[in-house]
Structures are given as C-alpha cells and as structure tokens.
Amino acid sequence: MNKRIKVGMLVDDIDSYFAQQACKGAELGAISIDANLYIFPMRYLDSKDFLDDHRRFEYQYNMIYRFITDKNIDILYILMGNIGCRTEYDKQMEFLNSLPDIPIVTLYTSYDGYPSVTFNNRTGMEAAVQHMIDEHHATKIGFVSGPITNGEAVERLDIYKTTLEKNGIAYDENRVVYGSFNTACEDAVEELLDRNPELDAVMFASDLMARGGYNVFRKRGLVIGKDILVTGFDNEAYTSSIVPSLTTVEASAANLTFHAVKHTEDFLKNPNLVFQIDTCFVNRESCGCDNVDIFSYEAEFELRTIDNKEELPINGIFEYLFGEYSLGNATGDIEEHLKKFLYLLFDVVKNRDFDNQKKRIKELFNRIIQDRILIYTTTEKIFNMLMIFQRQVSHFLDNDNDRLKLSEMFSMLYRTFSMHSSQMLEKKQEHIKSISEMVNRLTSDIIVYDGNTEEAYSSMFTQFSKLGVQSAYMFSFKDIVKHYRGDEWIQPQTVNLKAYEVDGVVGVLSLEDAEITVNDMFDNDFIPDHRVTMVLSPLYSFEEVYGVMLCEVNYTNFDCVSPISIQLSSALKSLILLEKQRDIQRELDNNLRKIEESNNVINEISKSDKLTGVYNRRGFIEKAEKIIKDENNRGRTALIFYSDVDNLKKINDEYSHDDGDYVLRETANILLDTFRSSDVVSRFGGDEFVCLAFVKTEGHGLEIKQRIDVITSNHNAMVGKPYTIGVSTGYVEFECGEDVDIYKLIDIADKMLYEEKKKKKG
C-alpha cells in the first residue's frame, strides 16, 4: 500500500470565515486524493493587532510554521497574501524563502518564483462594474479596497479602475479608501462618504467589508439598492440572506483550495505550474435589481423545453450546484441521489402522478439533504435549481388543478429544505454552547484532581470527542519556553507526547516513553492509519510557551480547536501554579511534621478552599495571625488586602454557575500571580478574597492594587470570555506585633473596598 501524501496548509486565523472555507476546500480535495491534511494557523506576520490588549500575545502563533519540515510534509499550500497582508512585499518574500525545501504553492495571491492557484478576478469584477454602469447608469462609483500590501486587493482595484476608464469614466483617487478585508472598515466607509456625498454606488473588495458598509449606510439613513447601490466580492454564505441580499462576485475560497489540493500530484511533478479559477458576477438586490434572472440560470443549466427525462441537462445542473466539487466524484453518492430525484420529479409532473408519488419524492429529497449537500453547494443555489426546474416542467400541465398540485409539491420541498436548514443552524448553536460548557471544565479538572496529572489529563482528553475531535495529542517542551515578542524563536528538535486520545482511548505517557522528534510528530505509533485532517495550534500563557496541541477534526468542527487550545493552556498554567503551591506546602509540612505529624494532613486540608486551591477563611486567619505575631516579624510593615469579584451574580445568572466557578478560580490565579509565594492568599468566603503581604517600606499598597488591575487585564486578554472578570480591592497598612487585631484590619480594608464599589456603581 502506497504511503499517503502529507499535504500542509499554512493559514492565517482558522477562526475566520475565509480561512475556514479555504480549509474546508482543502479537506475535500485531500479526501478526493486520499491524502492527509495538516493545517498550521500562524495568524499574521508583524501584525499590529498583536499590540491590542486582547491579541498582544498572539505572536506566539507565528512559531507554528517552524513545525513544518521536509521530513513531515510533502507539499505546502500557503495563504501568503492573508498571512502577510500587514507587512511589505519584501518581508513576505523573505518569509516564503525561509520555508523548508519542499514544493510550496501560494493560494489566492501569486509570488515571483512560486507556483500558484489564484482567482481570475477580472471576469467577475469587470462584469460587476459593467453591470452598475450599463444597467443602473451609475457613474459616481466609490471603491473600498483591501490592504494595499495584498496582491488580490491591488488587482481588484486595478480592474475597477480600468473598467471605469474603458467606459469613459475618469478614475478618481478621491473615491477610493482602504480597509482590511473584514467588517472593521466602517471608519473608511464614513471617510469615503464624507469626501464624496454625491456617490450613487459603492463597490467593496470583499463581502465582509460590504457588511460593515451596510451598517454605515443604515446609520446615515441611506436605503441600500435605492439611495446607494452596493456590490461585494467573494459570495460568502450569508450574502444571500442579509437584507437586502448582496450583489457580489463569486470567488469561492473553498473551490479554489479544493482545486489546488486535488492537483497535488501535478504540482509535485511540475514546480512551475500556475493556473486560475474563474470568478462570476452574482446579481441580487443590493445593486438595485429586483428579481432573480431566471433566463440567465436557464442558459447556465442549458435548460430547454424537453419531453423526456433523459434529455435533462444533468451535467449542467451538477456544474451549477457543485462546481469543482463534481471533479473525481468528490461528492460521493449525492449526485446519483440527485439524479434519481430529478428523474422522478420529471416523471411525476409529466404523468400528473402527484398523489401517488408525493411520499416517494419527499423520501428522495430528504436523502439528498441528509447527505450534507450544503457542504458542496449553497441554500440559494438549491432554491434557484428547484425554482427553475418547477418553471420548466410546468409546460406539461394545461389546467389549474394540476398547476395547483405542482405548486403544493414544490412548496413541500421548499418547506422541507427550510426546516432542515433551521435544524442545522440549531445544531450549530448547540455545538457552540457545548464547546463553551466543556472548555470551562478543563481548568476545573486540574483543581479537582489536585496534582494527579494522569487522572486530570485523562478526564480532559475524554471530553474532546464530545466536541467533534476525532483524536487529540498534546506535545510539551522539555522546559517551559519564555518567548517575548521580537525575540528569535529557537525551535526544539524533539517534543514530549504528554497525553493523547484516539478512538475513545486516552493515554498519558511517562517521560521516558514520550520523546518524539518533530519530524515524526505526524507519523508515529499513536497516529491512526486512516486518512486524517489535523490542526496544530500553540499552547501558551502570556510569554510562557508550553508546547503544541494536535487535533484531528473535519471542517465542521474547526471552531473548537482554538477554545480547546486556549483552555488547555489555562489548565496547564493552573497546574504549574498548583505545583509551585504544593512545593511551598511540602516545605511547610516538613516543618510542622516535627510537632504534629499525624494530624498535619487533615488540618491542612481543612484550611484549603476546594474550588480555588488557596487558603479558606480558617486557614487564612490561622496562618496570618501566626505570621503577624511571630516575634521575628515584629515591627515589619505589612498589608491586608480585601478583594471582591465584580458582577459574579450577573455572570452566574446570564451564563452558568460553571462560568461563576471559573471566574472564582481565575480570580485566585490573578491574586497568586500578583503576590509572592511567601505571601498568603485566601478565599474568605463567597466571592471575597483576603491576602496578607509584607512590604519593605510604607506606601506600597496602591502599587500592589494597581498590579492586581494590570494582571486582571492580562488574564481577560488571554481567556477571551464574553464577559470581563473584575476585582475591587481595599487595603490597610500596619506593623506586625503581638497586639494586632486582624479582624479590625480586615474590617478597615473592607470599608475601603465598599467605597470603591460605590464609585464603580456611580
């Protein structure tokens, strides 16, 4: 048996719609040639976004491509235009030239000296501009371009410019603004309208930017399709369902990557291969058009009035619905089931056999939609196909009764498909909810098993299959890597396979059995024999990098990879903190064992808070009083901090008590990060935490309070929750001594906390 080709796919952000569509097409292409697919999301080169509070540590993703070697990947496809869209062309070429010596194919954007698969932007873009001029007599047309560092954006802008000039309309640079191929372009659209209030049309270089433009137009009271004509580019899934439906250019990211990966062997044989995928204009309401152009679809299907089902243009229908996916029977049995359905539909109408065949028609149609047909086509195309087919077969009917039955039959099909689409949406929402619920448990498992690493990993990895992960592998570095932004990444040659889950079997390896070279990460005894699609993502917390996570998923579950990686990173952070705390506890145990060894374990357990792992109320009071009254500490300056979690009840009510518990654990981690190991951190009760810290001189209370705020902000940036963890704090400064009343000190700190709470509410 031949060894499967290992296809690598280097993308920007796997959580973005475009990258997910690109990965979907690549996966379907890999399936069609029985190749393994490995996806490496590395975000963006030199991205300024890394400086934002919520994304400043995402530079850690940049190192993920370093796990690609000439031994573990046979060919690499790369979304270089996306990855490098925020840096100069020379930097992008420098990065490409630094990659391993394997065949490298650039997708969507071409680069000198590299084979590529790109869109023929001209066919669709030129038709869109021409349509605005010819059909709607638009002459004052604005353009919202992508970043000027992106080759695709430059080409689309050039087509806009040359098509205007070909029609005798002078290009006006004042009518062009630049965005970043996403919805965060509203400021650019505002600027465009401020400079050009007379515009009668705006063309966007991507559908996502057009969606952002919709918000601006509505805010200004402009009716889209009437006061301002709008077009997009890409034909993303939502464009047919937004109001008004978006006129656009179809440039399917999934179709392009499918076509590219399907031709993998051609690229391996011919390192200079270059080809393009055509784009086409899709006419909808946002440009001012009212109805679907039935005649153009009939021409596309090559549909004409026929009397025999064998004359149906089945290939034309398949080409319209499935495009490149129809190559090599990639769609499996769907095409055969669809053919049977259309033949039956044709015979039923021709023979007026509506009543007898209604049940059979519904059965065949259900089989088609249960075959996950929407992987390969869109809801809009299926509705268009049914509508055109209904119109064509109606010529067999010559009375109103039969025409009514035909309408009822197609209404049944439309309703069946609509209900199925609604159910799919509900399942997707349930899947997202289950991801949120299960990732919350990952960190709690570390606490629950209190240092029993094997049981903690087993519990965590058992959860992954419930999220749609078919197999999962956690590779750790021998030592935690401290990697700061701007530092060179030193790539380890070996990693340790810490834990894995394959086909429901979970394993945790000892250090002696775990070492694997980077070259063998995708080809070792623990990887399944069947064809796989896998995503590699980093495990890190702030500047600390622990290793990488390898998940086997299909494209419908790509959205669970990032949450799993983030929460597993948080769990590892907790494990490290607990290990440090256990080291301190062991040292304390050794000292106390001389006095009362037999009762020490029970006594210490009773002083710990089970949820957070820090001291409880009793433990704090005993520990703090002993320290304060210790004659060796007499006269030393110390601080009592009283902290309270903000809005915990609201988080419990609006999200879940699992989230509430998560917030309490995270607050404990924030305080553990803030104070030294020699200080005392406790959960005093409910959402209240009390800490004791020594300071060398007076007046350090405000500085430590500010440190709590900074570390809280850093934790919020890492976890990416829909709510913000907030901590209010009061403190009191004092000198240690025999006569110190700790309860009075806590009361004073509590009053200061109360004043801060009042200010926040105000």
Side-chain angles (χ1 to χ4, degrees), residues 11-13 16 18-19 22 42-52 55 62 78-97 106-114 116 118-122 124-126 128-129 141-165 169-196 199 201-213 216 230-234 248-249 251 253 256 276 279:
V11 304
D12 49 331
D13 184 356
S16 73
F18 185 88
M42 65 165 289
R43 303 295 165 98
Y44 307 97
L45 289 177
D46 293 336
S47 172
K48 293 180 180 178
D49 282 355
F50 291 151
L51 301 178
D52 295 344
R55 310 194 72 172
N62 280 184
I78 176 171
L79 277 64
M80 192 65 238
N82 292 42
I83 293 168
C85 67
R86 295 157 191 175
T87 189
E88 300 301 321
Y89 179 81
D90 290 346
K91 289 286 187 182
Q92 297 178 42
M93 286 299 300
E94 183 182 329
F95 175 77
L96 279 172
N97 294 333
T106 66
L107 303 177
Y108 309 107
T109 306
S110 60
Y111 290 82
D112 294 340
Y114 288 90
S116 64
T118 59
F119 286 121
N120 180 358
N121 287 306
R122 184 162 297 278
M125 187 72 190
E126 193 173 75
V129 180
I141 306 173
F143 191 79
V144 182
S145 171
I148 202 66
T149 54
N150 182 275
E152 290 281 290
V154 173
E155 184 181 10
R156 292 171 195 177
L157 175 59
D158 182 64
I159 296 167
Y160 156 81
K161 176 182 177 180
T162 57
T163 308
L164 288 181
E165 293 174 343
I169 302 173
Y171 169 71
D172 185 351
E173 190 173 337
N174 196 50
R175 291 176 178 169
V176 177
V177 292
Y178 299 89
S180 298
F181 278 146
N182 57 46
T183 53
C185 67
E186 296 185 15
D187 289 344
V189 180
E190 295 274 15
E191 179 186 347
L192 178 66
L193 296 180
D194 288 341
R195 292 196 320 224
N196 305 275
L199 289 180
V202 177
M203 305 188 75
F204 291 83
S206 80
D207 293 336
L208 280 172
M209 290 197 291
R211 197 167 190 175
V216 176
V230 180
T231 69
F233 199 105
D234 289 327
T248 188
V249 174
L256 186 144
Q276 289 191 318
T279 57

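Both backbone and side-chain heavy atoms feed into the values below; hydrogens, waters and symmetry mates do not. Position 1 is the first residue of the sequence; numbering continues from there.
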ask   = Hey, mind stepping through T231 and V249 against side-chain contact (heavy atoms from CB on, under 4.5 Å) and telling me if it holds?
value = CA-CA 8 Å; T231 69; V249 174; over 6 Å; no
* Asked: Where do K161 and F143 land on the side-chain contact (heavy atoms from CB on, under 4.5 Å) test, with the steps shown first?
  -> CA-CA 9 Å; K161 176 182 177 180; F143 191 79; over 6 Å; no
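Partners of D158 under the side chain to side chain donor-acceptor pair (under 3.5 Å) rule, at least two apart in sequence or in another chain, do not exist in this structure. For D194, the salt bridge (charged side-chain N to carboxylate O under 4.0 Å, His left out) partners are R220, not counting sequence neighbours. Scored by the side chain to side chain contact (heavy atoms under 4.5 Å, CB included) test, D187 finds no partners at all (sequence neighbours excluded). Qualifying side chain to side chain donor-acceptor pair (under 3.5 Å) partners for D12, counting only residues two or more places apart in sequence or in other chains: Y44. Every residue two or more places apart in sequence or in another chain that forms a side chain to side chain contact (heavy atoms under 4.5 Å, CB included) with E155 is listed here: N121, E152, I159. With sequence neighbours excluded, the residues satisfying side chain to side chain donor-acceptor pair (under 3.5 Å) with Y114 are N97. For Y89, the ring pair (Phe, Tyr, Trp, His ring centres under 6.0 Å) test picks out Y111, with sequence neighbours left out. Residues passing the side chain to side chain contact (heavy atoms under 4.5 Å, CB included) test with V144 are V177, V189, L192, V202, F204, M209, sequence neighbours excluded. Listed by chain and number, the residues in a ring pair (Phe, Tyr, Trp, His ring centres under 6.0 Å) with Y108 are F18, F119 (sequence neighbours excluded). Applying the side chain to side chain contact (heavy atoms under 4.5 Å, CB included) test to E94 and every residue at least two apart in sequence or in another chain returns K91. Scored by the side chain to side chain donor-acceptor pair (under 3.5 Å) test, E165 finds no partners at all (sequence neighbours excluded). Applying the salt bridge (charged side-chain N to carboxylate O under 4.0 Å, His left out) test to R211 and every residue at least two apart in sequence or in another chain returns nothing.
Taking every heavy atom of both residues into account, C185 and G213 meet most closely at SG-N, 4.4 Å. Residues A210 and G232 share a closest heavy-atom pair of CB-CA, 4.3 Å. The two atoms that bring G146 and Y178 nearest to each other are O-CD2, 3.5 Å, heavy atoms only.
For R175 (side chain) and N196 (main-chain N/O), no donor-acceptor pair under 3.5 Å exists by modelled atom type. Counting only distance, with no hydrogens or angles, the side chain of N150 and the backbone of A153 share a donor-acceptor pair below 3.5 Å. Here the side chain of S116 pairs no donor or acceptor atom with the backbone of S110 at under 3.5 angstrom.
Note that CE of M42 and CD1 of I78 are 7.0 Å apart. Values are rounded to the nearest 0.5 Å. Atom CG of D207 is separated from atom OG1 of T248 by 3.5 Å, given to the nearest 0.5 angstrom. One finds the CE atom of M125 at 9.5 Å from the OG1 atom of T279 (value rounded to the nearest 0.5 Å). Atoms OG1 and CG, on T118 and L256 in that order, are 7.5 Å from each other to the nearest 0.5 Å. With values rounded to the nearest 0.5 angstrom, L157 atom CG is found 6.0 Å from I148 atom CD1. A distance of 13.0 Å separates CZ of R43 from CG of N82, quoted to the nearest 0.5 Å.
By the 4.5 Å heavy-atom criterion applied to side chains, I141 and M203 are counted as neighbours.
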